[in-house]
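A short write-up of the structure that comes next.
Just follow the structure's listing: the first ligand is 1, and inside any ligand the first atom is 1. Computed from heavy atoms alone, side chains included, the values below leave out hydrogens, waters and symmetry copies. Throughout, numbering of the chain's residues begins at 1 and tracks the sequence.
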Amino acid sequence: MSAELEDIHEECGIFGVWGHPDAARLTYFGLHALQHRGQEGAGIVSNDDGHLLGHRGKGLLTQVFSDEREIQRLKGSHAIGHVRYATAGSGGSDNIQPFIFRFHDGDMALCHNGNLTNCISLRRKLEDEGAIFHSNSDTEVLMHLIRRSSKPTFMDKLKEALNTVHGGFAYLIMTEHAMIGALDPNGFRPLSLGKMTNGAYVLASETCALDTVGAELVRDIRPGEIVVVDDSGYHIDRYTDQTQLAICSMEFIYFARPDSNIYGVNVHSARKRMGARLAQESPVDADMVIAVPNSSLSAASGYSEEAGLPNEMGLIKNQYVARTFIQPTQELREQGVRMKLSAVRGVVKGKRVVVIDDSIVRGTTSKRIVQMLKEAGAAEVHMRISSPPLKYPCFYGIDISTTKELIAAEKSVDEIRDYIGADSLAFLSLDGLVESIGLGADAPYGGLCVAYFNGDYPTALDDYEADFLKSLAPEDRVRLPEFALYKSKYEGNEYQALPQA
Ligand code: SF4
């Protein structure tokens, strides 16, 4: 939890194994380690000597596979699986992956983590040409493109299809003879290859899943790469050289598990450095540091060490509460905070506390947390956020797609402080974030996507662009300080004149 207690969500985790006698069971355990990336649906497809068998359903993995016989039925030594978060309107079981496609020349399964920015137009074009879709997920689009390609070999068809889709994607494909992973040209989402002691290869959204199944990391899959795993081992191919690393910084801030490593950077350590940097940038005279559990625990320990303040448990999380994001109204959402978190009166009473959270999304939860701590007797509540203000929507696989959902798009830091009722409020700087993560890649922002914070989208927004630009009222544009991409992209037209703060 946090990202203001789960108001933003990752949209999926993927896992696959090639060459293990109990592949479906192993995939189950791999997906279990990735459950934080999606809790609304899950599925596994196994490959039994070229025949693909699948089971999918709504809910947590443990609910979908509540009967041991479901795993036993998925025979074969290869399998791929998926856990998903359902965005509004797409929660039906038709959208649960992996999808199985049965063709005259063999079966294929496919699952996907991310979001295609040109999906709407591609799908419209494909439908006009006679394609029939069984879901409203953008995952199916890739398979239609593969099958409609006139290139001679499967790999050529796949490469052509991967060059046609835009946006953020990590695909996992299983054919009769191979498991294939592919990453978008910016590598927005992580994807890692591991090897087990029996020689089986594993592909997973995060390295924590490799650890769970006892696989050693072989390498991270890089932007524009295709990895093909078959009975002869693995080999890496490319479908494009037009790449530039821009991995989602929210993976480091909030989404990924602290025990995962992304491009060699441990997530817990990165969060700890963010907390330490925050303490340097925004110190406060206080008695203790407390974290909003769980994703801020690492940053709180960094802040506390750097500030020389005790790190106390001033907020505790109820482990068994239902997820509140399914509650539709603001009122219910606010109630939900109390179901999820409690202030520890005996710890915070009479104390000046620094509360560390990873982000502020809507602000309503932060307001509740401050209120809860004050009701528990805290003398002062100082909010410190271990990332910059979230001002812009994401189009690469996170479910915030309008600025209306983001309080920092509307209000200044001081106005947010006033709204949440904190005694002080500060955010980590963008430089502080980039340097704390420390990927150090030879790419803008050291190889990170920071579009959530500054609107500098690493790619064109395609189908989303017109609506996004229209959604920005002139007065909002005045307040929005950055827009590097749009400034250069729209030079010479009406958007050139975006006023600067
Ligand atoms: S816009 Fe934000 S959430 Fe989306 S990929 Fe970029 S940093 Fe991640």
Side-chain angles (χ1 to χ4, degrees), residues 2-4 6-13 36-38 85 87 112-117 119 138 165-170 183-191 205-206 223 243-256 260 262-263 265 267 270-271 274 295 358-362 385-409 427-434 436-437 439 441 443-465 468-469 471-472 480 482-486:
S2 200
E4 253 214 311
E6 302 179 75
D7 240 342
I8 51 176
H9 306 98
E10 182 66 77
E11 288 179 3
C12 309
H36 59 285
R37 298 182 74 86
Y85 166 70
T87 48
H112 168 223
N113 173 206
N115 189 58
L116 304 182
T117 51
C119 181
D138 52 5
V165 293
H166 300 159
F169 54 82
L183 203 58
D184 68 67
N186 296 96
F188 286 109
R189 303 284 147 229
L191 183 64
S205 290
E206 286 184 42
T243 61
Q244 185 168 67
L245 183 65
I247 189 161
C248 171
S249 53
M250 283 304 280
E251 294 283 350
F252 289 96
I253 295 162
Y254 163 63
F255 294 127
S260 287
I262 304 172
Y263 292 107
V265 174
V267 171
R271 287 180 190 161
M274 291 173 211
S295 55
D358 54 70
S359 342
I360 292 185
V361 185
R362 289 181 165 86
I385 308 300
S386 59
S387 64
L390 294 175
K391 294 182 183 174
Y392 300 88
C394 176
F395 303 98
Y396 308 121
I398 305 304
D399 68 331
I400 294 275
S401 57
T402 71
T403 51
K404 286 189 192 69
E405 297 162 85
L406 301 167
I407 190 171
F427 292 82
L428 183 63
S429 67
L430 191 57
D431 284 349
L433 176 76
V434 170
S436 301
I437 294 172
L439 270 184
Y445 311 108
L448 294 166
C449 174
V450 293
Y452 241 4
F453 310 113
N454 70 357
D456 198 355
Y457 293 96
T459 71
L461 299 182
D462 300 317
D463 299 338
Y464 296 99
E465 195 161 288
F468 174 58
L469 290 172
S471 76
L472 297 172
L480 301 175
E482 291 95 359
F483 266 96
L485 180 141
Y486 286 105

Candidates N186, T117, T459 - the one meeting side-chain hydrogen bond (donor to acceptor under 3.5 Å, both in side chains) with Y396: T459
For the student: nearest non-hydrogen atoms of L390 and L406, plus distance: O-CB, 3.5 Å
Set of residues satisfying ring-ring contact (aromatic ring centres under 6.0 Å, His included) with respect to F252, sequence neighbours excluded: none
Listed protein N/O/S atoms, distance to atom 6 (Fe) of ligand 1 under 2.8 Å: C449 SG
Step-by-step side chain to side chain contact (heavy atoms under 4.5 Å, CB included) determination, H166 to L116: CA-CA 5 Å; H166 300 159; L116 304 182; over 6 Å; no
Interfacing atoms of ligand 1 (cut-off 4.0 Å, heavy-atom, R189): 5 (S)
N113 side chain to C12 backbone, donor-acceptor under 3.5 Å: yes
Shortest non-hydrogen contact from F453 toward S249: CE1-OG, 3.4 Å
